[in-house]
**Student:** 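For reference, the structure I am asking about is given below.
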Number of protein chains: 2
Amino acid sequence: MANPLFAPELLELLNAGDAQALQEVANALHSAEMAEFIAALDDIDIWRLLSLLPKQHSAEIFSHFDLDRQVELASDVNRQAMARMLEELPHDDRADLVNRLDPQVAEQILPLVARAEREDIRNLASYPEGTVGSIMSSDYATLRPGMTIKEALEQVRIQAPTRETVYYIYVVDAEHHLIGFVSLKDLILAKPMQTVGEMMNTEVIHAFADDNQDTAAQPIEKFDLLALPIVNTENKLVGIVTVDDVMDVQEAEATTDFHKMGGTDLVDVSLKDAGLAVLYRARIPWLMVLVFMNIFSGAGIAHFENTIAAMSSLIFFLPLLIDSGGNAGSQAATLMVRALAIGDVRLRDWFSLLRKEFLISLLLGLTMAMGAMLLAGFRSPEIIVPIGLTMVAIVLFGSLVGMSLPFLLATFRCDPATASAPLITSIADIGGVLIYFSISTWWLRDLVNTAG
Amino acid sequence: MANPLFAPELLELLNAGDAQALQEVANALHSAEMAEFIAALDDIDIWRLLSLLPKQHSAEIFSHFDLDRQVELASDVNRQAMARMLEELPHDDRADLVNRLDPQVAEQILPLVARAEREDIRNLASYPEGTVGSIMSSDYATLRPGMTIKEALEQVRIQAPTRETVYYIYVVDAEHHLIGFVSLKDLILAKPMQTVGEMMNTEVIHAFADDNQDTAAQPIEKFDLLALPIVNTENKLVGIVTVDDVMDVQEAEATTDFHKMGGTDLVDVSLKDAGLAVLYRARIPWLMVLVFMNIFSGAGIAHFENTIAAMSSLIFFLPLLIDSGGNAGSQAATLMVRALAIGDVRLRDWFSLLRKEFLISLLLGLTMAMGAMLLAGFRSPEIIVPIGLTMVAIVLFGSLVGMSLPFLLATFRCDPATASAPLITSIADIGGVLIYFSISTWWLRDLVNTAG
């Protein structure tokens with residue numbers, strides 16, 4: 001999000017070539033703020049400005065740009081300059097950037113990158129989206145168990161400038177297996193002549209690089225960690241996931257779930273910036289599926305033509321009833337999808353929750369039936385009973401479908417949030433038509449028989 | 001969430017009075033894991049077990065119990081023991097606990113708590129829910145600017161055991177005004193004879209205790225901070241908010257928004273544990289409101305009785321059309337509510353987004369109209385045109401209402417998520433009835449006139 005407030009002043013300093021003033025401004029601000037301010041400038045001016053700052057500082061600022069802006073900037077500068085930038089960027093951010101670049105552009109830049117950095121980028125970028133590896137960083141701090149505390153602190157000082165974090169330091173053996181963990185707090189509290197091996201924690205909570213990223217997010221949340229070490233299948237340390245990355249992942253996942261519950265598939269795009277084509281493609285699928293699903297509601301009504309002809313007032317209450325089923329179903333689905341997402345509920349809880357839902361929707365349905373029957377009493381007292389019965393049945397149906405569908409989806413390893421409000425509502429509508437007119441036909445059977 | 005796996009073994013050790021073995025188990029596990037395991041025991045056994053562990057360790061474990069369980073445990077032990085526990089608990093957790101306790105119980109325990117701790121509890125507990133003060137902790141580390149780095153590190157060692165974090169240390173003057181910030185990383189990299197005042201950051205990102213808790217959450221997320229200092233109106237340091245607390249707040253707020261979008265008001269309760277009464281009270285309000293709102297859909301249909309009588313096939317497509325309006329509206333509302341929540345969109349963006357929504361829903365409506373007209377063609381070709389026109393109008397109406405309502409709510413300082421899917425769907429249904437039958441009446445006016 002660009003903040004154009006200071007862009008004119010910065011541009012002035014830039015055009016005057018006042019490197020010192022620009023460095024002072026950059027030093028006074030947090031890199032994220034600096035990135036916000038200069039994002040309002042043109043790409044070419046951004047590169048001019050960044051080149052006046054120390055390499056690591058300009059990389060820090062660059063890393064705070066939106067990923068899309070980073071891609072734009074990468075394409076708008078000579079390949080050598082971008083290769084130098086890649087060498088300085090945080091390891092997890094640059095892997096994401098390289099994955100976003102046009103493959104042709106990436107293949108022009110990467111050969112120019114220093115070999116060790118290039119290998120690291122290719123390695124991190126190779127992890128599929130959604131895995132722990134795709135969000136981890138490879139710049140972590142390590143120690144050997146034989147070091148004294150004094151030596152360890154000296155090592156930390158040496159490593160500190162280039163590591164994502166030095167507050168958690170991982171202890172590895174000669175083959176780089178993860179064997180222990182110390183915090184910087186532990187280190188400064190320890191006696192100088194102790195060895196790392198003596199005071200380290202040997203039970204190290206960790207996750208595996210190829211597993212789903214939730215396996216990294218959950219321990220960090222549960223144990224209030226600042227970072228989590230990541231190992232490969234041979235138990236060798238390959239990276240760390242930091243708490244700030246987990247927060248970003250959690251927000252993105254909550255957004256995806258939210259959108260899915262509303263029946264859209266808008267992934268990783270800001271609503272404000274999304275173009276018509278993107279929004280159209282995100283929204284039309286479910287809308288069309290549900291239009292065609294509603295063949296059944298129309299067919300259902302047609303099937304009960306005689307009943308409707310015999311008692312046309314039935315139609316007045318159709319929207320009210322099918323609406324209620326959809327609303328109750330949306331509630332049930334929403335609660336269940338979220339509970340599954342935050343781990344509040346597990347697949348084995350289905351039966352007890354089904355029982356609870358049955359009771360609850362019975363109570364809700366009876367309450368709503370009284371409301372609907374009250375309304376019906378004013379206008380069409382002769383159909384009070386089928387309306388009341390329908391309401392109870394419809395609310396039961398909608399709710400049970402609403403709470404079960406997420407479970408079913410989860411059982412088949414699909415995303416529970418696919419049980420969106422529009423889908424549940426449409427199912428409730430179709431079921432509601434059948435329920436309403438079946439009950440009404442039965443209740444009014446004498447009337448229908450004589451009429452039909 | 002209790003994990004009953006090891007409870008029997010722990011109970012055995014407890015009954016055998018084997019304090020050493022229990023301490024070994026507790027030392028091997030993270031406090032959160034230990035809490036999970038012993039949560040399966042009875043309250044009285046939990047207290048027996050905790051009393052065998054060092055005070056601070058047992059407080060750490062206690063702090064990982066669900067808040068409701070903590071309240072239960074607090075009521076199930078003698079007041080003196082609870083007072084001792086309160087003195088050891090993390091400052092932010094114990095304030096939350098005291099706020100949850102039965103006021104009578106709290107007033108029996110607090111006078112027994114050591115005075116400084118008691119005053120701290122009363123102070124933190126006094127902040128209203130939703131403010132920064134209600135989530136902050138008062139055990140932070142401080143330094144004075146005149147200290148040398150050597151003295152500062154010594155101070156950090158002394159303070160470390162009892163502070164929430166020592167990775168961020170705040171520099172205060174004699175009156176406790178916040179004047180600077182150093183990280184532990186900065187300290188270990190600095191030269192021993194420098195003073196804190198020389199190397200500290202004077203531009204300290206901070207928040208105010210009385211403001212909304214989002215004002216603390218946002219900087220922590222944006223600047224990838226581990227903690228944020230909190231000041232009062234006189235700029236005196238009163239507490240810190242740590243990143244793990246922000247993550248908990250973000251998850252709770254996302255859950256609340258999610259539930260609200262589904263039309264429920266289930267706050268701070270697990271779906272699995274919620275009782276019938278709680279669920280009923282959370283769901284019935286909106287359901288009843290929407291039942292009575294549907295008076296208008298029924299009245300609308302009744303108003304157009306003659307049209308329906310003249311062309312009964314209109315009814316077949318009623319659910320399809322009003323469903324589509326509700327689905328498009330749910331999509332629009334969902335996207336808008338989430339975008340407002342994560343700060344992607346601001347109130348001033350309303351007009352440009354309205355324009356975008358108009359275009360998008362026109363495209364969506366036209367596509368869906370073609371689908372609906374195709375279906376109508378098979379059965380009732382004579383009403384293809386009103387069905388197509390209605391679909392476009394209904395989708396426009398639903399979408400524009402769906403995207404505008406959150407904005408309107410936000411403008412009047414209400415929660416945008418009150419524009420829930422059930423509400424939008426019901427509004428779309430009512431509007432849809434009026435739109436459909438108005439268009440149909442106009443299209444079939446000759447038929448209606450002759451019939452009526």
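Note that these values count all heavy atoms, side chains included, but never hydrogens, waters or copies made by symmetry. A note on names: the letters A, B, ... follow the listed sequences, proteins ahead of strands, and every chain is numbered from 1. The structure displayed is predicted, hence computed values, not measured ones.
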**Student:** What residues form a side chain to side chain contact (heavy atoms under 4.5 Å, CB included) with A/Leu359, not counting sequence neighbours?
**Tutor:**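 In terms of side chain to side chain contact (heavy atoms under 4.5 Å, CB included), with neighbours along the sequence ignored, A/Leu359 is linked to B/Leu276.
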**Student:** Can you tell if the side chain of A/Glu221 reaches within under 4.5 Å of the side chain of B/Glu251, non-hydrogen atoms only?
**Tutor:**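 SC-SC contact between A/Glu221 and B/Glu251 confirmed.
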**Student:** When you compare the side chain of A/Asn294 with that of B/Phe317, does any pair of heavy atoms fall below 4.5 Å?
**Tutor:**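 They are not in side-chain contact.
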**Student:** So for B/Ile424, is it side chain, backbone, both, or neither that comes closer than 4.5 Å to the heavy atoms of chain A?
**Tutor:**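 No part of it gets close to chain A.
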**Student:** In the structure I gave you, are the side-chain heavy atoms of B/Tyr167 and A/Leu226 within less than 4.5 Å of one another anywhere?
**Tutor:**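 Side chain of B/Tyr167 against side chain of A/Leu226, heavy atoms only: contact under 4.5 Å found.
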**Student:** Of the listed residues (B/Leu189, B/Ile220, B/Leu335, B/Thr264), which shares the most heavy-atom pairs with chain A below a 4.5 Å separation?
**Tutor:**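 Most heavy-atom pairs within the cutoff with chain A belong to B/Leu335.
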**Student:** Salt bridge or not between B/Glu33 and A/Lys222? Use side-chain N to carboxylate O under 4.0 Å.
**Tutor:**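 Here B/Glu33 does not pair with A/Lys222 in a salt bridge, since their nearest N and O are not under 4.0 Å apart.
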**Student:** Is A/Ser312 close to B/Ile308 at the side-chain level, that is, under 4.5 Å between some pair of heavy atoms?
**Tutor:**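 Contact flag for B/Ile308/A/Ser312 side chains = no.
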**Student:** Taking atom CE of B/Met261 and atom OG of A/Ser330, what is their separation to the nearest 0.5 Å?
**Tutor:**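 Here the interatomic distance stands at 9.5 Å.
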**Student:** Would you please name every residue forming a side chain to side chain contact (heavy atoms under 4.5 Å, CB included) with B/Ala28, sequence neighbours left out?
**Tutor:**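 Scan of B/Ala28 (side chain to side chain contact (heavy atoms under 4.5 Å, CB included), adjacent residues dropped) gives none.
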**Student:** Side chains of B/Phe258 and A/Asp257: closer than 4.5 Å at any heavy-atom pair?
**Tutor:**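 A side-chain contact exists here, since the closest heavy-atom pair is under 4.5 Å.
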**Student:** Under a 4.5 Å heavy-atom cutoff, which of B/Ser31, B/Gly329, B/Ala332 has the most pairs with chain A?
**Tutor:**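 Most heavy-atom pairs under 4.5 Å with chain A: B/Ala332.
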**Student:** Which bit of A/Thr242 comes within less than 4.5 Å of chain B, counting heavy atoms only: side chain, backbone, both or neither?
**Tutor:**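 No part of A/Thr242 comes within 4.5 Å of chain B.
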**Student:** What part of A/Ile360 gets within 4.5 angstrom of chain B, counting heavy atoms only: side chain, backbone, both, or neither?
**Tutor:**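 Answer is both: backbone and side chain atoms of A/Ile360 are under 4.5 Å from chain B.
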**Student:** Is it the backbone or the side chain of A/Glu305 that comes under 4.5 Å from a heavy atom of chain B, or both, or neither?
**Tutor:**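 The answer is the side chain of A/Glu305.
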